[in-house]
Amino acid sequence: MAKWLVKTEPSECSIDDFAKAENQIIPWDGVRNYQARNFLKEMSEGDEVFVYHSSCRHIGIAGIVRVVKSSYPDPTQFRADSPYHDPKSTRENPRWQAVDMAFVRKLERLIPLDGIKSMQGLEGLPLIRRGNRLSVMPVTEEQWRIILASA
DNA sequence: GCCAACGTTGGC
DNA sequence: GCCAACGTTGGC
């Protein structure tokens, strides 16, 4: 079972939104970066995912969700009224993918970015690499264990 | 295929 | 609000 991390602005979609959502499921759509999309395609049902809150007051990992539906064409790319609309994408050859994720739990205390940066053994984690902008990334079992051990 | 210009991300 | 870093676009 693979592990992942996704970034989100909590004003858009937070771990609390997962807890409150119908069936506690939210489609993870609107990803418009090829590298991130390729990781979405690799996700399988049951994979666990850290939810990282970015661009906000308390930056860090706030909770855990789980993939409940593996990748499918992101419907927002076809909607002319969506901010995620991509006029170059077609139904026959869709560019962008989404997955469905479900709430697992909120961490009792957020794991702050500073803490993550100071942990030993996370050197390979894209999140803490300088200038990194990847919004969907793999997390190794070892990295997952190290991060959770601090929670 | 190169690369400058531009828009976006995201921490501070 | 600032700005460094990065990805994308488009002219050539």
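Chain A is the first sequence line, chain B the second, and so forth, proteins listed ahead of strands; every chain is numbered from 1. Scope of the values below: all heavy atoms of this structure, side chains included, with no hydrogens, waters or symmetry mates. Note that the coordinates shown come from a computational prediction; the quantities given were computed from them, not determined experimentally.
For N132(A) (side chain) and P126(A) (main-chain N/O), a donor-acceptor pair under 3.5 Å exists by modelled atom type. Between the side chain of K7(A) and the backbone N or O of L134(A) there is at least one donor-acceptor pair closer than 3.5 Å.
The ring-ring contact (aromatic ring centres under 6.0 Å, His included) check on Y52(A) picks up nothing, with sequence neighbours excluded. The side-chain contact (heavy atoms from CB on, under 4.5 Å) search around K3(A) returns E48(A), V139(A), E141(A), W144(A), not counting sequence neighbours. For the side-chain contact (heavy atoms from CB on, under 4.5 Å) test, residues two or more places apart in sequence or in another chain that qualify with R37(A) are Y34(A), K41(A), W96(A), Q97(A).
Heavy-atom distances under 4.0 Å link DNA chain B to no residue of residues 86-96 of chain A.
The aromatic rings of F39(A) and W4(A) sit tilted relative to each other, their planes meeting at an angle between 30° and 60°.
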What donor-acceptor contacts under 3.5 angstrom involve side-chain atoms of residues 109-121 of chain A, with partners at least two apart or in another chain?
residue, atom, partner, partner atom, Å
S118(A), OG, D114(A), O, 3.4
S118(A), OG, G115(A), O, 2.9

* Structure fact -> Given protein heavy atoms under 4.0 Å, the one-letter contact record of nucleotides 4-11 of chain B, with B base, S sugar-phosphate only and - none, is simply ---BBSBS
